[in-house]
Amino acid sequence: MTAIPKPARSLLAVVLAAGKGTRMRSALPKVLHPIAGRSMLAHVLAAVAEAGAGRLAVVVEPGRDDVARVVAGFAGAETYPQEERLGTAHAVLAARRALAEGADDVVVAFGDTPLVTPETYARLRAPLAEGAAVAVLAFEAGNPTGYGRVLVEGGRVTAIREEKDASEAERRVTLCNAGLMALSGAHALGLLERIGNANAAGEYYLPDAVALAVADGHRVAVVPVAEAEAQGVNDRVQLAAAEASVQAALRRRAMLGGATLIAPETVFLSHDTALGRDVVVEPNVVFGPGVVVGDGCTVHAFSHLEQARLADGVQIGPYARLRPGAVLESGARIGNFVEVKNAAIRAGAKINHLSYVGDAEVGAGANLGAGTITCNYDGVNKHRTMIGAGAFVGSNSALVAPVTVGAGAFVGSGSVITDDVPPGALAIGRGRQVVKTGWTKPTKG
């Protein structure tokens with residue numbers, strides 16, 4: 001993504017995030033539904049911040065601590081409760097205190113339009129520096145039904161008309177309002193406070209700021225945007241469409257960055273997935289948030305990674321699961337049906353199949369046989385297992401933490417290890433085999 005130059009002008013972003021989202025049919029607020037591992041609201045807040053917003057005023061439903069927690073993760077962000085729902089202009093005025101504190105530019109964004117890019121927010125505010133009082137984001141609609149129309153006369157914007165209030169001629173207009181707006185900080189509060197509700201819905205419409213600005217003799221700019229980018233998310237179908245759009249962009253970015261996705265449409269990336277050069281990702285791999293993959297790694301099919309870091313030359317899978325806190329150093333190998341959690345796998349170590357390694361450190365060059373398990377949980381607390389460099393753990397062994405297997409030590413297959421094993425020692429913790437000759441298989445009576 002191209003870096004956006006930060007203008008000298010200050011920017012306040014007012015983000016409307018109080019909608020109930022009844023069409024989502026969910027107990028989760030609409031704006032918290034995730035896309036590419038991050039909530040829609042977080043996508044919007046990150047985009048406006050990258051576009052230069054030093055302050056974020058987020059209008060929320062009262063009592064939504066879950067929404068407030070997301071907002072708290074962004075510098076310069078505050079929440080403002082919207083007690084009543086009387087229209088978009090009324091919602092923006094819920095952040096009256098932030099507006100009164102002043103800013104050169106004000107951008108109004110929506111928590112359910114996650115596809116709008118930082119570059120578009122930057123373009124939206126740009127006309128304000130050139131003297132416009134208002135700038136509106138608009139698109140040419142293939143089917144304008146349901147959208148507010150942007151009315152232009154003699155090359156100048158005159159108003160935005162909601163469809164239910166539009167005349168037949170106005171409804172034939174295909175230039176449609178995307179909802180997002182930028183206002184000069186010098187005029188924003190004055191325009192918003194004068195918006196009335198004399199319309200079919202009896203609501204205070206934010207787009208009415210356009211007609212007021214025109215009547216005051218101010219210039220109103222229209223900033224074009226692709227219809228697909230401006231789309232909001234109102235139900236699960238639109239959420240899936242937004243996910244598909246974001247995934248397509250993330251896959252393209254990964255491949256242009258030097259990674260090979262053998263079947264891109266089957267690979268799912270998070271918003272922050274970082275893939276190095278010459279990484280090969282086989283089909284049906286899922287990257288959760290917080291994954292960094294170094295150069296020359298191979299992620300085999302049907303693997304799942306989340307909050308994991310892979311150094312150069314690591315191989316994992318197929319059917320591997322890396323959970324939060326997994327750190328794999330260069331040349332490490334995690335094979336099929338292996339799960340790693342909160343563990344450091346040092347350079348060249350191998351855990352090739354059918355193992356669970358949690359809350360552990362596996363030393364450089366160590367080898368864990370099939371079925372090795374670190375027993376890290378005693379029912380109350382988690383404990384760590386330390387496996388030294390060059391150690392060998394035989395198949396089907398259980399290491400009961402807290403326990404240390406020293407460098408170069410050997411653990412016999414099928415052992416349950418409850419005591420520390422000194423470096424270079426052999427530990428066998430299993431029942432002695434008994435062979436009884438002359439045994440006869442029982443028969444039914």
Side-chain angles (χ1 to χ4, degrees), residues 1-5 34-38 42-43 46-47 49-50 115 117-119 243-353 357 361-367 389:
M1 184 178 293
T2 304
I4 299 172
I35 293 174
R38 179 165 64 176
H43 277 283
E50 188 173 339
L115 303 183
T117 66
E119 293 81 4
E243 179 77 48
S245 177
V246 171
Q247 288 298 331
L250 292 172
R251 292 163 185 153
R252 176 179 174 80
R253 185 177 72 183
M255 291 186 285
L256 291 176
T260 294
L261 310 184
I262 292 176
E265 69 282 2
T266 71
V267 175
F268 288 84
L269 302 163
S270 187
H271 67 99
D272 59 354
T273 302
L275 302 181
R277 297 179 62 182
D278 297 317
V279 168
V280 176
V281 182
E282 292 184 353
N284 299 297
V285 172
V286 176
F287 294 90
V291 175
V292 177
V293 179
D295 295 344
C297 294
T298 299
V299 181
H300 292 288
F302 295 98
S303 294
H304 188 288
L305 303 81
E306 181 178 359
Q307 295 180 27
R309 301 183 69 88
L310 283 63
D312 296 349
V314 167
Q315 293 192 51
I316 74 162
Y319 295 97
R321 185 182 182 195
L322 301 186
R323 291 172 56 193
V327 177
L328 279 60
E329 293 186 353
S330 60
R333 175 73 172 91
I334 302 297
N336 51 288
F337 301 103
V338 172
E339 179 178 347
V340 178
K341 187 270 295 184
N342 190 30
I345 312 302
R346 301 304 182 192
K350 297 179 181 180
I351 313 171
N352 275 326
H353 24 234
V357 177
E361 178 175 331
V362 179
N367 190 319

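For the single chain, residues carry numbers from 1 onward in sequence order.
Closest approach of P289 to G37, counting heavy atoms only: CG-O, 3.6 Å. The shortest non-hydrogen separation linking G363 to A349 is O-CB, 3.5 Å. When every heavy atom of V357 is checked against every heavy atom of A343, the shortest pair comes out as O-CB, 4.0 Å. Considering every non-hydrogen atom in both A263 and P283, the closest pair reads CB-CG, 3.9 Å. When every heavy atom of E329 is checked against every heavy atom of A347, the shortest pair comes out as OE1-N, 3.2 Å. Nearest heavy atoms, E50 versus P118: OE1-CG, 3.6 Å.
For the atom pair CG of L261 and OG1 of T266, the computed distance is 8.5 Å after rounding to the nearest 0.5 Å. Remark: I334 CD1 to H300 NE2 distance equals 11.5 Å, nearest 0.5 Å. With rounding to the nearest 0.5 angstrom, the CG atom of L115 is 6.0 Å from the CD1 atom of I35. Atoms CD and CZ, on E306 and F287 in that order, are 12.5 Å from each other to the nearest 0.5 Å.
A donor-acceptor distance shorter than 3.5 angstrom exists from the side chain of E282 to the backbone of A301, with no hydrogens or angles considered. A donor-acceptor pair under 3.5 Å links the side-chain atoms of R333 to the main chain of G317, judged by distance alone. With Q247 contributing its side chain and L269 its backbone, the two residues share a donor-acceptor pair below 3.5 Å. Remark: the backbone N or O of A320 is paired with a side-chain donor or acceptor of S303 at under 3.5 angstrom.
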Step-by-step side-chain contact (heavy atoms from CB on, under 4.5 Å) determination, T273 to L250 = CA-CA 9 Å; T273 302; L250 292 172; over 6 Å; no
request  = Start with the C-alpha distance between N342 and R323, add both sets of side-chain angles, then the distance that settles side-chain contact (heavy atoms from CB on, under 4.5 Å), and finish with yes or no.
outcome  = CA-CA 7 Å; N342 190 30; R323 291 172 56 193; over 6 Å; no
task = Would you check, one step at a time, whether the test side-chain contact (heavy atoms from CB on, under 4.5 Å) holds for N336 with F302?
result = CA-CA 9 Å; N336 51 288; F302 295 98; over 6 Å; no
task = Decide yes or no on side-chain contact (heavy atoms from CB on, under 4.5 Å) for V280 and I262, but give the supporting numbers first.
result = CA-CA 7 Å; V280 176; I262 292 176; 3.9 Å; yes
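Checked against L310 for a side chain to side chain contact (heavy atoms under 4.5 Å, CB included), the options V327, I345, L322 give a single hit: L322.
Ring geometry for H271 versus H43: interplanar angle over 60°, hence perpendicular rather than tilted (30 to 60°).
Taking the side chain as every heavy atom from C-beta outward, V281 and V293 never approach each other to under 4.5 Å. Side-chain contact between D312 and D295 is present, with heavy atoms from C-beta onward closer than 4.5 Å.
Surrounding NZ of K350 are at most 12 heavy atoms belonging to other residues, nucleotides or ligands under 6.0 Å away. In the displayed structure, R251 atom CZ is contacted under 6.0 Å by more than 12 heavy atoms of other residues, nucleotides or ligands.
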